[in-house]
Number of protein chains: 2
Amino acid sequence: MDKNLKRMATMQRMQVTGLELFYKNGYYNTSVDDILKELSLSKGAFYYHFDSKEDFFTQIIENLLVRKVYSMLIEPIEGHDNPLELITNCFENALETAVHNELDFGFALNNFITEFNGRNEKIMKHLNDILKVWEVNLVSTIQKGKFNNHIDRHVDAEGVALFLMSSYLGVRTLMAESCPSARKYRFMSQLRQYFKALEIKQSTF
Amino acid sequence: MDKNLKRMATMQRMQVTGLELFYKNGYYNTSVDDILKELSLSKGAFYYHFDSKEDFFTQIIENLLVRKVYSMLIEPIEGHDNPLELITNCFENALETAVHNELDFGFALNNFITEFNGRNEKIMKHLNDILKVWEVNLVSTIQKGKFNNHIDRHVDAEGVALFLMSSYLGVRTLMAESCPSARKYRFMSQLRQYFKALEIKQSTF
DNA sequence: ACTTGAACCGACTGGCCAGTCGGTTTTGTT
DNA sequence: AACAAAACCGACTGGCCAGTCGGTTCAAGT
C-alpha cells in the first residue's frame, strides 16, 4: 500500500482528468490521447495502469462518480429533520453548482446514462446501481418523513422518489441548455409547490 | 415538384432510417454507411442528396423531429378544455409509446440534446428551437387555464412549464433504464398530485 | 555500484469512418 | 433511337483512435 503510492497518485490523476473530459465531451468523443495530452503522459502509462478505455471508465464510476453522487445527493438528505426541507436544500445546493458551470455529478450521471443506454450493457449496470442507491435512499427518507408526520401517510414514496429524480435529471438538461439561473429558481419554486401537496391533507392514490 | 418525386422519396427513406439509427445508437455512433447498408444504397447516393452528415441530421430535425414533437406534445394540449387534463392525457399517451419501446420523439429530443450539448452549437440551435416551441405552447396553455378558472391565478406559468418539461425528459431517461410501465404509472400519479396543487387555492411563489 | 522491477515513453498497427470522385445506370425528353 | 440529366455506385483518401510493444528511465533494495 505504501509502495503503491505513486501508482495510486497517477491513476487518480488520470481518473480525475478523465472524468472531466468525459463529462465535457462525452465518452465516445474523448480519446485516450486527449486525456493523456492534458496530463503530459503517454499511451504506455495509460495501458500500464488500465486494461482498456472501458475498464478505465468503469473505475472512474466506482471511484469518483459513486462517491460524489453519494456526498451530493444522498448524504444531505439523511437526517431526522423534515425530509422535504432536506431534499429542498439538497437540490438547491446541487443545482447551484450547475449554475456555476461546475462539474455536477448528478448531471454527469444523466449524460452518461443517455450516452450508454442500450449501447453498453456493462457500463449501464454500474450507472444503474448508482441510480438505484439514490432511489432507495429517497424512498426511505420519505418513508421516515411519513412516520414523523412531516409527510402525509397516503403518499406513495416510490412515486415521489421517481418524480424527484425525473425532475432533477430533466431540469439539469434544460439548465445546461440555457438560462440556468432563472431556471433553477423557477424549478425550486415548483418543487416547493409540489411538496405542499405532500404535506398534510389526505389525497394521493 | 413533380419531377422531384423520386428524389424526395429517396431522401425521405434515408431520413426515416437515419432518425431510427441515430435514435437507437446515437449520432456519433452511427456511421453514414450503417444507414446506407440498411437501405442498400451507396455513399454516392447519400452525398448526391446531402452535403454532409451534419446537413443530413439537420434536415432530419426539421423534417421529422419538429413535426413529430409538435403532433405528440404540442397539438394535443391545444384546446379550450382544462389544460391540466389535456396535459395529463398528452403525457399519458406520449409515455405509453415509450412503454412499447416505440420511437418516442420527446425522448429522441432529450437524447440528442444531451449528445450535442456544448459540442455542436449549430445543431443545438435547432434542438433548442423545438424546446422553445414546446415551452411557449405550454406557457400559453397554462395562462389560458388561469383565465378560464381551471388553474389558480397565482401560479407561475413559466415555472410550471419548466417543471413539466423537466419531469417529462427525466422520466423518459429513467423509463428507458428499467421498468418503464411501473414508472410511467407512478409518474402519472405524481403528476396528478402536483396538478392538484395548481388547481384552486392561493399559494405559489 | 549493481540489479530489478515498476513506471513511463512513443512509434506503430489495424480498423473505422466522413467525404471524394470518376464512372455506370436509370429515367425522361425529343 | 439518341441524348442529357438525374440518380446511384463503390473504390479510394486521409484522418482519427484504441490498443500493442520494444524500449528507456527512475527508485528502492542490497
Side-chain angles (χ1 to χ4, degrees), chain A residues 1-61 63 112 115-116 119-123, chain B residues 1-61 63 112 115-116 119-123:
Chain A
M1 189 56 68
D2 187 44
K3 238 174 64 178
N4 288 352
L5 237 150
K6 176 150 199 212
R7 178 181 180 80
M8 290 304 189
T10 305
M11 287 174 80
Q12 180 79 6
R13 281 202 320 139
M14 286 178 177
Q15 287 174 21
V16 170
T17 307
L19 178 55
E20 260 169 38
L21 293 184
F22 287 144
Y23 173 68
K24 211 198 299 174
N25 308 317
Y27 176 81
Y28 291 111
N29 271 313
T30 305
S31 70
V32 171
D33 282 321
D34 289 340
I35 297 161
L36 265 9
K37 202 192 301 166
E38 193 86 7
L39 295 165
S40 302
L41 285 172
S42 70
K43 274 279 174 67
F46 183 85
Y47 283 95
Y48 176 74
H49 292 296
F50 302 99
D51 292 343
S52 66
K53 189 184 177 187
E54 189 175 312
D55 166 54
F56 176 58
F57 188 72
T58 305
Q59 293 203 35
I60 288 180
I61 297 176
N63 292 329
F112 293 140
E115 188 167 8
F116 290 112
R119 286 153 213 167
N120 188 320
E121 202 134 345
K122 212 164 131 202
I123 289 185
Chain B
M1 190 56 67
D2 187 44
K3 238 175 62 181
N4 287 353
L5 237 150
K6 177 153 200 209
R7 178 180 181 80
M8 289 304 188
T10 304
M11 288 174 79
Q12 179 79 5
R13 281 203 319 140
M14 285 178 177
Q15 287 174 22
V16 169
T17 308
L19 178 55
E20 260 169 40
L21 293 185
F22 286 144
Y23 173 68
K24 212 198 297 177
N25 308 317
Y27 176 80
Y28 293 111
N29 270 314
T30 304
S31 71
V32 172
D33 282 320
D34 290 340
I35 298 161
L36 264 9
K37 202 193 302 168
E38 193 85 7
L39 295 165
S40 303
L41 286 171
S42 69
K43 272 281 175 65
F46 182 85
Y47 283 96
Y48 175 75
H49 292 296
F50 302 99
D51 292 343
S52 66
K53 190 184 177 186
E54 189 175 312
D55 166 55
F56 176 59
F57 188 72
T58 306
Q59 293 202 37
I60 287 180
I61 297 176
N63 292 328
F112 293 140
E115 188 166 8
F116 290 113
R119 287 153 212 168
N120 188 319
E121 202 135 345
K122 212 164 132 204
I123 289 183

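Values reported hereafter were calculated over all heavy atoms of this structure, with side chains retained and with hydrogens, waters and symmetry mates removed. As the structure is a computational prediction, the values presented were derived from the model and not from experiment. Lettering of chains follows the sequences in order, A, B, ..., and the numbering in each one begins at 1.
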Just N and O in the side chain of [X]: are any of them under 4.0 Å from OP1 or OP2 of [N]?
| X | N | value |
| --- | --- | --- |
| B:Tyr47 | C:dT20 | no |
| A:His49 | C:dC8 | yes |
| B:Lys53 | C:dA18 | yes |
| B:Tyr48 | D:dC8 | no |
| B:Arg7 | D:dA6 | no |
| A:Thr10 | C:dA7 | no |

Just by distance, with hydrogens left out, do B:Ser31 and B:Asp34 show a side-chain donor and acceptor under 3.5 Å apart? yes
Without decimals, in angstroms, what is the distance between [X] [atom1] and [N] [atom2]?
| X | N | atom1 | atom2 | answer |
| --- | --- | --- | --- | --- |
| B:Lys43 | D:dC8 | NZ | P | 16 Å |
| B:Glu54 | C:dC17 | CD | P | 18 Å |
| A:Phe46 | D:dG19 | CZ | P | 8 Å |
| B:Leu21 | C:dA18 | CG | P | 12 Å |
| B:Tyr28 | D:dG15 | OH | P | 20 Å |
| A:Phe56 | D:dG19 | CZ | C1' | 15 Å |

Nearest to side-chain heavy atoms of A:Lys6, which nucleotide of C:dA7, D:dA11, C:dG10: C:dA7
Measuring from the side chain of A:Ala45 (C-beta onward, heavy atoms only), which nucleotide among D:dC8, C:dC9, D:dA11 has the closest atom? C:dC9
Any idea how A:Phe22 and A:Phe57 line up, ring-wise: parallel (<30°), tilted (30 to 60°), or perpendicular (>60°)? perpendicular
